[in-house]
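In what follows, a structure is listed as structure tokens, so that the remarks can point back to it.
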Amino acid sequence: MRKMGDHWAAIGTSLGSIMVLYKMIEHFFPYGFLHTHVEKYTQRILRCTNLYVQISIDEYTGELIDQKNQSYTFTEAYLNATALKHAMQLTACTAKNSEKLVLNMVDYEMTITDEFHGAKFYWMLTSTNEFGKPRKVDNDRSLTVTFHKRNRKLVMDMYLDHVMEKGRELLERNQQRKLYTNNSRDDWYKQEMWSHVIHNHPATFDNLAMDMAKKEDIIKDLTAFSKAKDYYAKIGKAWKRGYLLFGPPGTGKSTMIAAISKFLNYDIYDLELKSVRGGNSELRKLLLDTSDRSIIVIEDIDCSIELTNKRKKKKIRSRDQEMWADHRHGEMVVTLSVLLNFIDGLWSSTGGERLIIFTTNHVEKLDPALIRRGRMDKLIELGYCSFDGFKILAKNYLNIDDHSLFETIRCLISETQITPADVAENLMPKSVNGDDYSEVCLGNLICALEKLKEDT
Ligand SMILES: Nc1ncnc2c1ncn2[C@@H]1O[C@H](COP(=O)(O)OP(=O)(O)OP(=O)(O)O)[C@@H](O)[C@H]1O
Ligand SMILES: [Mg+2]
């Protein structure tokens with residue numbers, strides 16, 4: 001005797017097949033005909049049998065017609081990837097903010113059977129209009145999933161989260177990162193708070209010249225942070241992490257930020273504090289307008305932030321005055337300690353993950369109390385170029401792992417202080433002609449190192 005479960009599976013499979021067949025037939029008939037008849041009765045049958053539950057995700061939500069529902073976008077990406085294996089007809093286009101060609105299914109192929117933890121799910125692209133009415137505009141679509149009611153808990157607890165997560169991952173893999181800079185408040189009426197450009201920086205951790213152990217430690221820290229949503233929620237802390245990058249000019253602070261952005265696939269918000277003239281409220285608006293999974297960067301904090309708290313002791317100030325202390329040049333300058341408190345408070349209540357990176361060339365100017373653990377989670381020193389650093393740059397710029405001149409460079413580099421930027425500058429071939437430009441470039445570097453040695 002067949003088990004009850006087998007019957008349900010058979011019914012599910014048949015319904016799935018009917019839906020697929022229906023969508024294919026629909027392609028060859030006038031729109032109204034099938035919608036007024038078949039779909040209406042299918043829905044009635046489903047409602048009468050009362051075994052199946054449907055959930056719809058609308059393409060647009062809210063008051064504004066152009067407010068695209070992110071869940072729809074993630075689901076669409078997930079279903080495209082799931083169904084590409086079976087679809088017979090595809091369309092090709094470039095994804096938003098990407099140069100990569102992306103394949104999508106044409107509409108009538110959007111009846112997809114998905115499996116998750118042994119349960120079957122039937123997805124359809126439907127119109128949010130009343131059944132039977134033709135679709136008037138292109139932006140009233142929904143993705144509707146039909147599943148057996150016994151799987152309700154699985155859907156609520158796991159399946160929908162799984163679809164969103166996978167969809168988001170797939171989209172991010174194809175997208176390019178953006179670099180945002182804040183606009184002055186005077187311009188907000190004609191443009192957004194943040195302007196952005198596509199961030200195509202070639203830096204990666206592989207081509208970053210720095211101590212290997214330090215590099216691996218940072219990669220581990222970033223990986224742990226990006227996966228620690230539940231952990232941060234459990235300990236009741238805002239899901240954010242603060243890095244302070246310090247070192248002389250040309251040691252790779254900005255390059256590392258680009259590498260982190262690529263590694264985590266996060267956008268960068270380059271916050272220019274000098275353009276923030278409207279005090280707390282402006283800063284709050286700017287910070288709240290950053291997206292989840294982003295890096296907020298404040299470069300050269302010794303130039304844009306009041307580093308000590310001496311002023312606070314002079315007289316009692318209001319919170320706004322305290323934070324935006326009058327700078328000696330008459331500008332409003334935020335104090336680092338209050339900025340950190342402000343950010344803590346803001347993200348305790350909002351949630352999404354943010355990495356906050358400060359950079360400075362003068363770590364000695366910072367008040368040690370302000371950089372103690374907990375306020376800045378990680379202090380990362382980027383120093384002068386070591387021989388290991390040089391080897392990474394030689395591989396990048398000249399594509400060589402070894403050369404007879406390496407030994408000379410190893411000795412000289414240990415006796416001098418040269419920045420990775422200066423090493424990179426010397427290793428850059430000045431012309432495309434010439435047989436062995438590696439030899440020429442390494443020779444240039446040796447000259448530069450000898451000159452540095454003489455000067456010191
Ligand atoms: N550690 C490094 N690894 C690889 N390339 C580097 C490194 N440091 C510097 N460079 C090269 O030098 C250039 C300048 O480096 P970068 O702008 O990252 O320095 P910085 O530390 O941010 O300097 P500043 O303090 O002036 O802002 C980069 O474009 C990159 O090509
Ligand atoms: Mg820099």
Side-chain angles (χ1 to χ4, degrees), residues 177 179-182 197-219 221-222 242-264 266 268-275 295-305 307 355-366 371 376 378-401 406 409-410 413-414 416-430 438 441-442 444-445 448-449 452:
R177 287 155 302 278
L179 172 63
Y180 291 86
T181 41
N182 54 313
V197 289
I198 298 299
H199 189 48
N200 254 339
H201 202 291
T204 62
F205 273 109
D206 286 340
N207 56 34
L208 193 66
M210 68 181 292
D211 181 73
M212 279 311 284
K214 251 192 211 171
K215 198 191 282 191
E216 276 162 20
D217 181 51
I218 296 166
I219 292 174
D221 191 75
L222 289 169
Y243 282 8
L244 174 70
L245 309 187
F246 64 95
T251 49
K253 297 180 292 298
S254 303
T255 311
M256 175 175 275
I257 294 169
I260 292 176
S261 151
K262 188 171 270 181
F263 180 73
L264 292 175
Y266 285 10
I268 297 176
Y269 287 84
D270 191 356
L271 179 60
E272 179 64 72
L273 281 174
K274 281 184 179 156
S275 314
I295 306 172
I296 296 165
V297 176
I298 303 177
E299 290 252 33
D300 299 322
I301 47 172
D302 46 297
C303 305
S304 56
I305 292 181
L307 297 173
L355 194 65
I356 298 148
I357 302 184
F358 296 93
T359 74
T360 180
N361 296 331
H362 301 284
V363 72
E364 71 285 352
K365 287 193 195 168
L366 303 189
I371 53 178
M376 293 284 174
K378 222 165 174 42
L379 307 187
I380 300 168
E381 180 172 14
L382 287 139
Y384 291 107
C385 198
S386 64
F387 182 62
D388 283 344
F390 153 75
K391 285 207 297 198
I392 291 174
L393 294 172
K395 179 76 186 160
N396 279 349
Y397 286 80
L398 305 172
N399 199 22
I400 52 172
D401 295 306
F406 270 26
I409 291 170
R410 196 180 63 78
I413 221 164
S414 63
T416 44
Q417 290 194 326
I418 187 166
T419 62
D422 287 337
V423 173
E425 175 60 24
N426 281 291
L427 294 185
M428 197 110 87
K430 300 288 182 295
S438 301
C441 294
L442 294 175
N444 289 342
L445 177 62
L449 286 166
L452 262 178

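Order of listing sets the numbers, starting from 1, for every ligand and every atom in it.
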Legend entry - Lys/Arg N to Asp/Glu carboxylate O, Asp401 vs Lys395, below 4.0 Å: yes
Inset, instruction - Could you check if a side-chain atom of Tyr180 sits within less than 4.5 angstrom of a side-chain atom of Ile268, using non-hydrogen atoms only? - result: no
Legend entry - From the candidates Asp211, Thr255, Val423, the one that places a heavy atom nearest atom 29 (O) of ligand 1: Thr255
Inset, instruction - Look up atom CG in Leu208 and atom CE in Met256, then write down how far apart they are to the nearest 0.5 Å. - result: 5.0 Å
Legend entry - ligand 1 to Glu299 polar contact by distance, N or O atoms, under 3.5 Å: no
Inset, instruction - Drop me the distance from Met428's CE to Asn396's CG, to the nearest 0.5 angstrom. - result: 11.5 Å
Legend entry - Shortest protein contact, atom 11 (C) of ligand 1 (heavy atom only): Ala421 CA, 3.9 Å
Legend entry - Heavy-atom gap Gly247 to ligand 1 smaller than 4.0 Å: no
Legend entry - Glu299 side chain to Ser254 side chain, donor-acceptor N/O pair below 3.5 angstrom: yes
Legend entry - Residue pairs passing the ring-ring contact (aromatic ring centres under 6.0 Å, His included) test where at least one lies in residues 242-261, sequence neighbours excluded: none
Legend entry - atom 27 (O) of ligand 1: the protein heavy-atom neighbour that sits closest, reported with distance to 0.1 Å: Ser254 OG, 4.0 Å
Legend entry - Nearest heavy atoms of Thr251 and Gly383, plus distance in Å: CG2-O, 3.3 Å
Inset, instruction - With atom 5 (N) of ligand 1 as the reference point, say which of Thr251, Leu393, Leu245, Asp422 has the nearest heavy atom. - result: Leu393
Inset, instruction - Look only at interatomic distance and state if Pro420 has a nitrogen or oxygen under 3.5 Å from any nitrogen or oxygen of ligand 1. - result: no
Inset, instruction - Please report how many protein N/O/S atoms lie under 2.8 Å from the Mg ion (ligand 2). - result: 1
Legend entry - Ligand-side contact atoms (ligand 1) for residue partner Asn361, heavy atom cut-off under 4.0 Å: 25 (O)
Legend entry - Closest protein heavy atom (residue, atom, distance) for atom 1 (N) of ligand 1: Ala209 O, 2.8 Å
Inset, instruction - Consider every N or O of Asp300 and every N or O of ligand 1, then say whether any pair is closer than 3.5 Å. - result: no
Inset, instruction - Answer whether the closest heavy-atom distance between the side chains of Leu273 and Ile301 falls below 4.5 Å. - result: no
Inset, instruction - Give the residue, atom name and distance (to 0.1 Å) of the protein heavy atom nearest atom 23 (O) of ligand 1. - result: Gly250 N, 2.9 Å
Inset, instruction - Could you label the plane-to-plane angle of the Phe205 and Phe263 rings as parallel, tilted or perpendicular, counting under 30° as parallel and over 60° as perpendicular? - result: perpendicular
Inset, instruction - Would you name the heavy atoms of Gly247 and Asn361 that are closest together and state the gap between them? - result: O-OD1, 3.1 Å
Inset, instruction - Quick one: look up the protein heavy atom nearest atom 21 (O) of ligand 1 and list residue, atom name and how far away it is. - result: Lys253 NZ, 2.7 Å
Legend entry - Side-chain heavy atoms of Leu442 within contact of Leu427, under 4.5 Å: yes
Legend entry - Close side-chain approach of Lys253 to Ile357, heavy-atom, < 4.5 Å: no
Legend entry - Close approach of Asn396 to ligand 1, heavy atoms, under 4.0 angstrom: no
Legend entry - Test of proximity, Gly252 against ligand 1: N or O pairs below 3.5 Å: yes
Inset, instruction - Would you check whether Tyr397 reaches within less than 4.0 Å of ligand 1, judged by its heavy atoms? - result: yes
Legend entry - Identified side-chain contact (heavy atoms from CB on, under 4.5 Å) partner of Leu271 from the options Ile356, Val297, Asn182: Asn182
